[in-house]
Every structure is written in structure tokens, then in C-alpha cells.
Amino acid sequence: MLAAALVSLLCGCGEIAPSIPRGNDWTVAAGASNPAGTAVPPRTTAGSTLIRKVPAARGALTATLGIQVYWNSTGTRAEMAADANRIFNYIVGLGANSVGINFAFYTDGVYPTSVYGVRGSTPSPATIAMVIASARRHGLRVLVRPLLNEKNIVDSRGDWRGSIEPPSVSSWFHSYYEFLKPYFAAAQRSGATSFNVGAELDSLAPDEAEWTAFEAAASKLFTGQLEYAVNYGRWQQDPSYEPVPDAGVDAWPQLGLGDSATVRELTAAWVTWLHNQPESVLRGTVLQEVGMAGVSGAYREPALPAPSGATLDTTIQDKWFAAACAAVKQTGMAGIYFYDVNSTDQPAHAAGYAAGSFIGRGDRVIKTCFASGWS
């Protein structure tokens, strides 16, 4: 039984967590009460097998021009391969040269002892390897981003992935490494460019000894760049230690502006916020998450999904994306990822997505952002 449990852990397919809805709260297809209003057409495997590739000049840029993909596809290998090809064609069409592959994993509550995957929610290492290989065929650089799902962490006290307190930090890191081992190997054999060793794990970020040992072991399996995504609140506090040098930022700053703010005003506020760090740091920093629900009031708390019944206002999202892009260029940062699309999305059918989606909306601004001004 112990051996079977270990195999289940390493393949990312355990059954020891509560049932978790597919997708994420930001961009899942809209339901009847959702701001976007109409249903998304059902997913199919039919369609073009054309592989759209990143142009050589775009691929040669030093800057990271990226889109984050939340991998929530299930089904046959052919269905998932079709999802990957469709989404990566769309991403290349936006002018990106990079993609983040996000997938869910789990831990057992606020005071956790172990890390595991859930069948039907956590993709297997073999699936992640297939997805990476598909992205590479499109000429995209690939960042692998395991994300700690919060469905069994969030509570009335405000707990989240960044507040977990393992009784034994060293034991938790051991479980975390054992879970990720086959994913490091999959990323290595499939040609991923980089791998996030963590994202927004604020309470664990200061544990230098554990991260040092973890990364030493990981680097034996994956020879690409090991990265980390700092939560925006911790980043602006400028702590003395982060798990990796030049850590990326999940950027959801509260800039104190209202709906009527212009792109110029938003850009200035973004630049001021970014200058919490010196230019020497900014030059090596990529914004790993830049997103915005297209609804009134979103500038006050960008990290929140749209409230139920909110009216869609695409100009809110458009201005946020344009300003973030301009600020990244103005401050000489290393790049930007816009957040996000689901692997089951169908960009050819622009209607029917929740307010956090940029399909058929802010993607026009993203395309303009990526088109020029990068080196």
C-alpha cells in the first residue's frame, strides 16, 4: 500500500483531496449569470493541424513576451494535443515568444504535511511533457509553473497559499520535491526553458536553507533556469532574500485609481510602483502575471475576480494592459506575461468568456504591446 501511494504521489494523480472544479476562477467559460453572457462552443479535436511558429526575429529578442496558459485539459492524448496546438497558435499570433504552462497541485490545508496531485485536475508528467514539446514546436520558450491550488486552504481567517505553516518545513519541502521530481524530468526531456520552483509561497520564501537544498536537487534533474514568482505584496516590501535571484513578480498592484484613469495616468502609477525596486533589479525582472477583470472598480483590487453579475467593460482591461506594457518598457524590465488563457479555450469564438479573460478583448492590446519597442 505504501508503494502504491508513492507511485500515486509521483505521477501527480492521487485521490486524497476534495473534488476541485476544472479551470480557474479568472477565465473559465461564462455561465448564465456571467458578465460575458453567452456559452462557449463545445471543445472538439477537429480543425487545422497547422503549426504557427514564432518568427525568427521575435524569437531572437532577449525580452520575454509571454502568455500564461492554465492547463485544465483532460481527455485523450489527441484531444489534449489539439488543445495545445490551438492555444499555442493563438499565442504565437499575438506576437509572443514565450509561454508559461501552469498546472495545479495541492497540499493538505493550512498546516500541511504533504504535497500531491489530484486525478482529473493535476496533469501527469507525461501530459506536461507533451504540452512543452508542442510549445517548443511552435518556437516558444517555455516556463513551467506549478501552482498551489487554494481550494482547501482559503478560509475565513484569510489563509491562502502564501500563509501555509507546515509543522515540519523540511518534511514539507521533501514531499514537494518528491512530487515535482517527475515534472523536472519531463521539463528536461521536452526542452523547457525554465521552471518555477514556487509561486507566491510567502510564508516559506524566507526559508533559505530549505530552498538551497531543494534547488540543488532540482538542478540535477533540470538544467534550465530555475525561477520563482514573488507575490506583489512581498515584492514591494523588498525582503532581503528570495528563493532565486531576479525572481519574477505576480503583479497585481493596488494603484489607487478609479475607472476614469487614463492610460497615461495608469502608466505613471505603474512606474512609481515598479520603482519600489532599483533599476538594477528591474532590468532582470519579468512580470509573470499581469491580468485584469474588465469590470468597474477593478483598478482598486486587480487580483479579485469580477463579482457575480458585474457588467463587462473592456476598456478597463484594455487600459490596464496598455499601461503595464508601457511601464515595463519605460523601466527597462526583462519582460511581461499576460494572465491568462485556459487550455480548453477556443479563441476563434470570442464570446462567452468570463470577465477575467482577454480573448476577443484585451488581446488586441497585447498584440500591440508585443509588436514593437523590445530588444
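In this chain, numbering begins with 1 at the start of the sequence shown. Heavy-atom basis, side chains included; hydrogens, waters and symmetry copies ignored. In this text the structure is predicted, and so the values were computed from the model without any measurement.
Note: Tyr353 and Phe358 fail the aromatic proximity criterion, with ring centroids not under 6.0 Å apart. You'll find the ring centres of Phe179 and Phe105 inside the 6.0 Å limit.
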Identify every side-chain donor-acceptor pair in residues 254-261 under 3.5 Å, counting partners at least two apart or on other chains, and give the distances.
residue : atom : partner : partner atom : Å
Asp259  : OD1  : Gly297  : N            : 2.9
Asp259  : OD2  : Ser296  : OG           : 2.4

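Judged as a salt bridge (charged side-chain N to carboxylate O under 4.0 Å, His left out), and not counting sequence neighbours, Glu215 has no contacts. Listed by chain and number, the residues in a side-chain contact (heavy atoms from CB on, under 4.5 Å) with Thr331 are Val271, Leu274, His275, Leu282, Met333 (sequence neighbours excluded). Pro55 meets the side-chain contact (heavy atoms from CB on, under 4.5 Å) test with Arg58; sequence neighbours excluded. Qualifying side chain to side chain donor-acceptor pair (under 3.5 Å) partners for Thr223, counting only residues two or more places apart in sequence or in other chains: Gln188. Ser219 meets the side chain to side chain donor-acceptor pair (under 3.5 Å) test with no other residue; sequence neighbours excluded. For Asp202, there are no side chain to side chain donor-acceptor pair (under 3.5 Å) partners, not counting sequence neighbours. The salt bridge (charged side-chain N to carboxylate O under 4.0 Å, His left out) check on Asp155 picks up Arg157, with sequence neighbours excluded.
A salt bridge links Asp250 and Arg145; the closest N-O separation between the charged side-chain nitrogens and carboxylate oxygens is under 4.0 Å.
The stretch residues 126-166 participates, sequence neighbours left out, in these ring-ring contact (aromatic ring centres under 6.0 Å, His included) pairs: Phe88-His138. Evaluation of the salt bridge (Lys or Arg N to Asp or Glu O under 4.0 Å) test over residues 232-241, restricted to residues two or more places apart or in two chains, returns Arg234-Glu242. Judged as a disulfide bond (SG atoms under 2.5 Å apart), the pairs with a partner in residues 267-375 (not counting sequence neighbours) are, in order, Cys325-Cys369. The salt bridge (Lys or Arg N to Asp or Glu O under 4.0 Å) contacts involving residues 160-176 comprise Glu150-Arg161, Arg161-Glu200, where partners must be two or more places apart or lie in separate chains.
Ring geometry for Tyr299 versus Trp320: interplanar angle under 30°, hence parallel rather than tilted (30 to 60°).
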